[in-house]
Amino acid sequence: MSFYITTAISYVNGAPHLGHAYEAIATDVIARHMRQRGEDVFFLTGTDEHGEPVADAARAQGVEPLELADINAARFKALMPQLEVSNDFFIRTTDEQHELKVQEVLQKVHDNGYTYKGLYEGWYCPRCADFKVENEILDGNLCPIHEIPLTREQEENWFFRLSAFQEALEQLFDEHPDFVMPARPFNEARSFIGQGLQDVSLSRARLKWGITVPWDPDHVFYVWFDALLNYYTALSYARPGEDLTDRYWPASYHVIGKDILKFHTIFWPAILMAAGIALPHHVYVHGFLLGADGRKMSKSLGNVLEPFEVMDAYGTDALRFYLLRDVAFGGDGAVGIDAVRKRYEAELANEYGNLASRTIAMLIRYRDGVVPTAETDRALQADFDGLADEVATLLNRAELSQALELIWQRVRRLNRYVEERAPWQLARDPANAATLDETLASLADGVRALSVLLHPYMPASTEQLLDALGARSTDWSGAEFAEQGNGATVAALEPLFPKRA
Ligand code: ME8
């Protein structure tokens with residue numbers, strides 16, 4: 001089955017920050033997990049390069065918008081492999097093929113009668129590149145997101161008849177309670193629709209930095225429609241000489257942050273309906289990473305956690321693990337380097353890392369580095385029953401932290417098993433050989449199965465461990481605890497999560 005998953009595309013008015021890394025990592029965990037399950041996965045990320053925010057930032061730096069876009073798009077693109085993010089393509093909305101496809105789709109919306117020219121006047125946030133409706137504006141005419149003054153703007157625009165999709169959107173939400181997940185953003189979007197949809201502007205007359213409206217070349221498309229369409233356009237040119245649209249559209253999953261809910265759950269399905277294109281199956285909305293003090297991360301508050309700070313100190317897998325473990329995915333959460341250190345030491349080094357080292361060291365010491373082919377411990381196995389299915393079910397709903405918690409309970413279970421069985425005592429008396437075989441076969445296979453389950457979260461260290469266990473495969477079929485030790489030859493392993501200064 002095809003599985004198409006996307007992140008939001010990032011604005012190129014600044015460099016990548018931890019919020020961007022978080023979204024890419026979370027999406028990557030789902031993509032890698034689906035690949036393990038044998039799905040035909042396509043994973044897209046990229047950059048959103050048109051519109052006011054980028055034009056303004058470029059002006060402030062005295063460069064052309066494309067120059068700024070080139071610099072920052074390169075940084076976002078380079079960040080992905082550094083985060084071990086396995087995207088299949090990186091789209092830039094300044095790609096010519098994207099621009100042509102946007103024109104083609106929105107021309108269809110126009111031809112289908114869903115546009116008209118009108119005068120737009122409203123309170124506008126230049127950073128959001130968005131007009132704000134009265135009930136979301138903060139006291140003193142401030143943007144609810146950026147808390148900067150809004151300006152009163154008026155211009156002749158092309159409008160999109162969003163109001164024509166009132167009933168269709170209500171029906172979409174009523175018939176597909178999992179269109180938006182989790183429940184809270186679903187309810188928020190549903191109640192926004194319930195208040196009655198107003199038409200929205202589709203073009204800008206004053207701005208030049210955008211995609212030209214084909215039927216009225218004095219206008220460029222409003223950046224949000226250009227940006228949203230990336231999810232669809234990318235498939236038409238991601239593979240040179242091949243159009244992947246039929247293979248992967250509609251998207252299975254859009255992963256986004258809560259600040260861009262309205263665009264993805266209301267504007268996006270409506271514009272697709274207007275163009276006669278099938279709708280994505282799910283939009284998953286994650287929360288916000290906050291500074292360690294629980295406030296919005298900001299340079300001036302000095303509470304910013306930089307992805308490179310964590311990767312340099314603890315490694316990429318630790319960053320990935322930390323973000324999905326410490327912040328319940330779907331909610332907001334405070335993050336800071338002290339909390340990273342605590343999770344690293346308490347869980348990665350002392351629990352998983354130590355379990356791996358002990359298991360391999362005992363196999364080498366007591367069984368010449370060969371996993372006994374003995375039957376594994378039935379009672380221990382019972383504690384793993386159903387785990388792989390539960391993890392898969394949770395990950396179908398992007399419940400990344402809950403799935404990780406279930407896996408981690410079993411990491412702890414195996415550590416307790418080592419203490420219960422005390423193999424170093426069993427090894428003293430040859431009469432215990434069969435029990436020791438069972439113990440070591442169980443530990444080896446338990447660690448192996450858990451590493452398969454953890455692979456999407458920590459690809460590099462789990463691969464290193466699986467290699468050392470002589471069981472390379474990360475396929476989902478290996479996520480179950482085996483009934484028998486596999487007879488593999490293990491190799492010594494450097495500590496996966498060494499002590500850090
Ligand atoms: O919104 N914590 O781009 P963007 C968690 N170009 N997630 C965060 C975050 C934080 N502190 N800060 C940002 C845009 N994000 C548009 C999207 S999609 C067609 C166009 C998330 O660079 C944010 O919620 O401001 C969004 O999902 C993504 O990073 C890109 O944000």
Side-chain angles (χ1 to χ4, degrees), residues 5-27 44-57 68-69 72-73 75-76 79-80 83 85 90-94 98 102 125-130 143 145-146 180 185 210-211 221-234 251 253-269 271-272 280 283-299 301 303-307 323-324 326-336 398 400:
I5 187 161
T6 66
T7 67
I9 51 172
S10 310
Y11 286 130
V12 287
N13 48 347
H17 55 66
L18 194 69
H20 296 119
Y22 178 57
E23 186 172 296
I25 289 168
T27 311
L44 179 72
T45 188
T47 41
D48 181 359
E49 306 193 4
H50 291 126
E52 235 118 353
V54 178
D56 287 351
L68 181 64
N72 284 322
R75 293 159 111 171
F76 277 99
L79 179 65
M80 297 306 149
L83 296 171
V85 164
F90 188 96
I91 188 170
R92 297 185 55 184
T93 56
T94 49
H98 167 77
V102 167
C125 171
R127 285 233 217 122
C128 296
D130 189 21
C143 167
I145 293 164
H146 298 102
V180 181
I211 300 178
F221 286 114
Y222 173 39
V223 64
W224 265 104
F225 289 104
D226 160 358
L228 286 163
L229 276 162
N230 91 87
Y231 303 129
Y232 182 72
T233 65
Y253 245 105
H254 295 310
V255 178
I256 60 160
K258 63 181 188 179
D259 53 329
I260 53 177
L261 175 71
K262 179 180 73 177
F263 299 100
H264 283 81
T265 60
I266 298 171
F267 292 15
W268 179 225
I271 205 88
L272 288 170
V283 178
Y284 192 91
V285 186
H286 63 76
F288 260 54
L289 300 182
L290 308 169
D293 52 4
R295 297 158 82 180
K296 191 173 192 286
M297 272 193 229
S298 105
K299 293 230 163 74
L301 291 173
N303 62 355
V304 174
L305 181 63
E306 295 288 352
L323 290 175
L324 296 169
D326 223 43
V327 179
F329 194 61
D332 294 343
V335 292
L400 300 174

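Both counts, for ligands and for their atoms, begin at 1 and track the order of listing.
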Geometric N/O contact G257 with ligand 1, under 3.5 angstrom: yes

Quick one: are N230 and D48 in side-chain contact, heavy atoms under 4.5 Å? no

I9 and T45: which non-hydrogen atoms are nearest, and at how many Å? CG2-C, 4.3 Å

Nearest heavy atom to atom 30 (C) of ligand 1 wins, so pick from K258, H50, H17, H20. H20

Under 4.0 Å between heavy atoms, the region of M297 that gets near ligand 1 turns out to be neither

Residue L289 vicinity, atoms of ligand 1 by number, heavy atom under 4.0 Å: 2 (N), 5 (C), 10 (C), 11 (N)

Heavy atom of the protein closest to atom 14 (C) of ligand 1 (residue, atom name, distance): Y11 CE1, 3.5 Å

Show which atoms of ligand 1 fall inside a sub-4.0 Å distance from at least one heavy-atom site of A227. 19 (C)

Between W224 and F263, how do the two ring planes meet: parallel, tilted or perpendicular, split at 30° and 60°? parallel

Ligand 1 atoms in contact with I260 (distance to a heavy atom under 4.0 Å): 1 (O), 17 (C), 26 (C), 27 (O)

Would you mind reporting whether L68 and E49 have side-chain heavy atoms less than 4.5 Å apart? no

Can you tell me if D332 uses its side chain to pair, donor with acceptor, with the backbone of G287 under 3.5 Å? no

Using a strict cut-off of 4.0 Å, indicate which atoms of ligand 1 neighbour a heavy atom of D48. 6 (N), 16 (C), 20 (C)

Ignoring hydrogens and angles, tell me if any N or O in the side chain of H98 forms a donor-acceptor pair with the backbone of D226 under 3.5 Å. yes

Below 6.0 angstrom between ring centroids: does that apply to Y284 and F329? yes

Which atoms of ligand 1 sit under 4.0 Å from any heavy atom of S10? 3 (O), 22 (O)

In Å and rounded to the nearest 0.5 Å, what is the OG1 to CD1 distance from T265 to I260? 10.5 Å

Option with minimal heavy-atom separation from atom 19 (C) of ligand 1, where the choices are F76, Y231, Y22: Y231

I need the contact type for H264 against ligand 1. Using non-hydrogen atoms and a strict under-4.0 Å cut-off, is it side chain, backbone, both or neither? side chain

Could you tell me which atoms of ligand 1, counted from 1 in the order shown, lie closer than 4.0 angstrom to a heavy atom of D259? 23 (C), 24 (O)

Ligand 1-proximal atoms of W224, by part, heavy-atom distance under 4.0 Å: side chain

Which residue and non-hydrogen atom of the protein lie closest to atom 16 (C) of ligand 1, and at what distance in Å? I9 O, 3.4 Å

